[in-house]
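Structure first, commentary second.
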Amino acid sequence: MDYHNIIFGIEDGIATITFNRPKALNAMNAETMTELLCAATACKNDAAVKVLILTGSGDKAFVAGADISQMQNMTAVDALSFMELGHETLRLIETMPKPVIAAINGFALGGGTEISLACDVRFASENAAFGQPEILIGLIPGWGGTQRLPRIIGMGRAKELILSGGQINASRAYEIGLVNRVLPADQLLAESKKFAKKLAALPGFALKMAKHSINFGYDLSLDNATRLEAECCAQCFSTDDQKEGMKAFLEKRKPVYIGR
Ligand code: DAK
């Protein structure tokens, strides 16, 4: 696929998708979401990709929301398709069997916050801003905000943000557990890549099983969830990397993982 609204690159096992519509503060229209779906699918299916980073171009915005000019005259039928496209894409990102890092370099409003919520880890620049302002334009979040936000920051805080449409800055986002780290803007991408590199060197199958157990155990009873965890953990014992990891520990040396 030719990409017009994102920049997609892969280097040393780390894929980076950069939202690139700077004139609209990287707002997500259907074309951009389709490109994200396509690039994320490629990352999922490419064994050479170990970790994916999502970020925005420029220093002002990660994604300033769904594209309001495109949504303005949508019918409910159009809106449902747009919403389903977003859900398909974000669920793919959330459940893909490799880590996804959001490097949030500015405004992450509405759909921008929602994209970051589907990522496994969120790093924010000091100038990042978060919020679900949909209520201010007569909507509610449509790409998972009412569901993922309460799961991550708790019901009360999520309701405060969604019902008021208010924004929070990066340090408040860190305080309430919405982001994992806050970094100076000029270090955000380098630090995200450094962390990605660290993850890329770890046993890939164990990363896959960890993500699987967390994602799919979350809504189960504790009995079923711990059963799922046991099965995911047991499967790791069928990999060369598990043998190597334990052997290296006992031989007091660094492990050499081969990704099998
Ligand atoms: N959509 C379209 N264009 C946008 C945009 C957006 N979300 N955000 C910014 N832009 C455009 C502006 O219109 C402006 O374009 P020009 O006028 O230069 O042509 C350009 O980006 C620069 O923006 P500003 O001039 O406004 O820049 P400022 O620094 O003054 O303000 C801002 C930055 C981020 C505070 C402001 O632009 C802003 O408030 N933007 C809108 C933020 C927002 O409300 N985001 C949430 C959008 S609603 C659903 C699916 C998804 C969703 C809902 C339903 N279904 C299908 C049912 C999700 C909804 C949303 O995300």
Side-chain angles (χ1 to χ4, degrees), residues 4-7 17-40 54-94 102-119 122 124-153 157-173 178-179 182 185 188:
H4 303 288
N5 302 294
I6 64 169
I7 301 165
I17 296 173
T18 307
F19 302 111
N20 189 34
R21 298 182 70 219
K23 285 187 183 148
L25 300 186
N26 303 328
M28 290 300 280
N29 55 14
E31 295 73 27
T32 311
M33 192 58 95
T34 303
E35 291 183 20
L36 175 60
L37 175 61
C38 188
L54 301 186
T55 193
S57 67
D59 53 9
K60 197 168 168 187
F62 174 70
V63 168
D67 191 316
I68 298 170
S69 61
Q70 193 174 65
M71 286 194 296
Q72 185 187 11
N73 293 317
M74 278 184 180
T75 63
V77 172
D78 301 331
L80 186 60
S81 300
F82 191 37
M83 197 160 51
E84 286 167 346
L85 172 64
H87 281 308
E88 182 186 350
T89 308
L90 298 191
R91 191 66 180 147
L92 170 78
I93 287 168
E94 187 169 46
I104 302 144
N105 56 308
F107 288 112
L109 300 176
T113 287
E114 289 170 304
I115 291 169
S116 79
L117 293 172
C119 298
R122 283 165 289 284
S125 61
E126 286 166 345
N127 66 328
F130 297 82
Q132 297 286 171
E134 291 87 349
I135 206 85
L136 306 176
I137 52 171
L139 285 185
I140 69 165
W143 285 334
T146 62
Q147 304 308 310
R148 292 191 181 96
L149 193 60
R151 282 166 163 80
I152 292 173
I153 65 171
R157 284 173 172 146
K159 281 184 175 168
E160 182 183 352
L161 278 175
I162 292 170
L163 298 182
S164 71
Q167 287 183 30
I168 56 171
N169 63 19
S171 66
R172 177 67 183 152
L178 179 54
V179 301
V182 180
L188 176 69

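Order of appearance sets the numbers: ligands from 1, and atoms from 1 within every ligand. None of these values were measured; they are calculated from a predicted model.
Distance from atom 52 (C) of ligand 1 to its nearest protein heavy atom, with residue and atom name: Gly142 N, 3.8 Å. Remark: minimum distance from atom 19 (O) of ligand 1 to any protein heavy atom is reached at Lys23 O, 4.8 Å. Among all non-hydrogen protein atoms, the one lying nearest atom 39 (O) of ligand 1 is Leu109 CD1, 4.6 Å. With hydrogens left out, the protein atom closest to atom 46 (C) of ligand 1 is Pro133 CG, 3.6 Å, a heavy atom. At the shortest separation from atom 30 (O) of ligand 1 among protein heavy atoms lies Lys60 NZ, 4.7 Å. Considering only non-hydrogen protein atoms, atom 31 (O) of ligand 1 sits nearest to Leu25 CD1, 4.5 Å. Looking only at heavy atoms of the protein, atom 56 (C) of ligand 1 is closest to Ala79 O, 2.9 Å. Of the protein's heavy atoms, Ala64 O, 3.0 Å lies nearest to atom 45 (N) of ligand 1.
Close approach of ligand 1 to Met83 is summarised as follows: ligand atoms under 4.0 Å from at least one heavy atom of the residue are 55 (N), 56 (C), 57 (C). Contact atoms of ligand 1 toward Phe82: 56 (C) (distance under 4.0 Å to a heavy atom of the residue). Atoms of ligand 1 lying under 4.0 Å from any heavy atom of Ile137, numbered from 1 in the order shown and given with element: 48 (S). Close approach of ligand 1 to Glu134 is summarised as follows: ligand atoms under 4.0 Å from at least one heavy atom of the residue are 48 (S), 58 (C), 59 (C), 60 (C), 61 (O).
Side-chain N or O atoms of Thr18 include none that pairs as donor or acceptor with a backbone N or O of Thr55 at under 3.5 Å. Under a 3.5 Å cut-off, the side chain of Asn169 and the backbone N or O of Ala128 do not form any donor-acceptor pair. Judged purely by atom type and a 3.5 angstrom limit, Gln167 has no side-chain atom pairing as donor or acceptor with the backbone of Ala129. Between the side chain of Arg148 and the main chain of Ala118, no donor-acceptor pair closer than 3.5 Å is present. Arg21 places no side-chain N or O within donor-acceptor distance of the main-chain N or O of Asn5, the cut-off being under 3.5 Å. Under the 3.5 Å distance criterion, the side-chain polar atoms of Asn20 are left unmatched by any main-chain donor or acceptor of Ile7.
Atom CG of Leu85 sits about 9.0 Å away from atom CG of Leu90, to the nearest 0.5 Å.
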Full working for side-chain contact (heavy atoms from CB on, under 4.5 Å) between Leu54 and Ile104 | CA-CA 8 Å; Leu54 301 186; Ile104 302 144; over 6 Å; no
Check the pair Ile153, Leu161 against side-chain contact (heavy atoms from CB on, under 4.5 Å), reporting the backbone distance first and the verdict last.
-> CA-CA 10 Å; Ile153 65 171; Leu161 278 175; 4.0 Å; yes
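Checking atom 16 (P) of ligand 1 against the protein gives no heavy-atom contact under 4.0 Å. Less than 4.0 angstrom separates atom 36 (C) of ligand 1 from none of the non-hydrogen atoms of the protein. Protein heavy atoms are absent from the space less than 4.0 angstrom from atom 25 (O) of ligand 1. When distances from atom 13 (O) of ligand 1 to the protein are checked, no heavy atom turns up under 4.0 Å. Put simply, atom 54 (C) of ligand 1 has protein non-hydrogen atoms near it, under 4.0 Å away.
Ser81 and Asp78 form no side-chain donor-acceptor contact under 3.5 Å, judged by distance and modelled atom types alone.
Counting all heavy atoms, side chain and backbone alike, Ala185 lies closest to Asn127 at CB-OD1, 4.3 Å.
Using a cut-off of 4.0 Å between Lys/Arg side-chain N and Asp/Glu carboxylate O, Arg91 and Glu94 are scored as salt-bridged.
Within the structure, the closest approach of Leu136 to ligand 1 does not fall below 4.0 Å when heavy atoms are considered.
When the heavy-atom distances from atom 3 (N) of ligand 1 to Ala24, Pro22, Gly144, Gly111 are ranked, the shortest goes to Ala24.
Taking only nitrogen or oxygen atoms, main chain and side chain alike, Ala66 reaches within less than 3.5 Å of ligand 1.
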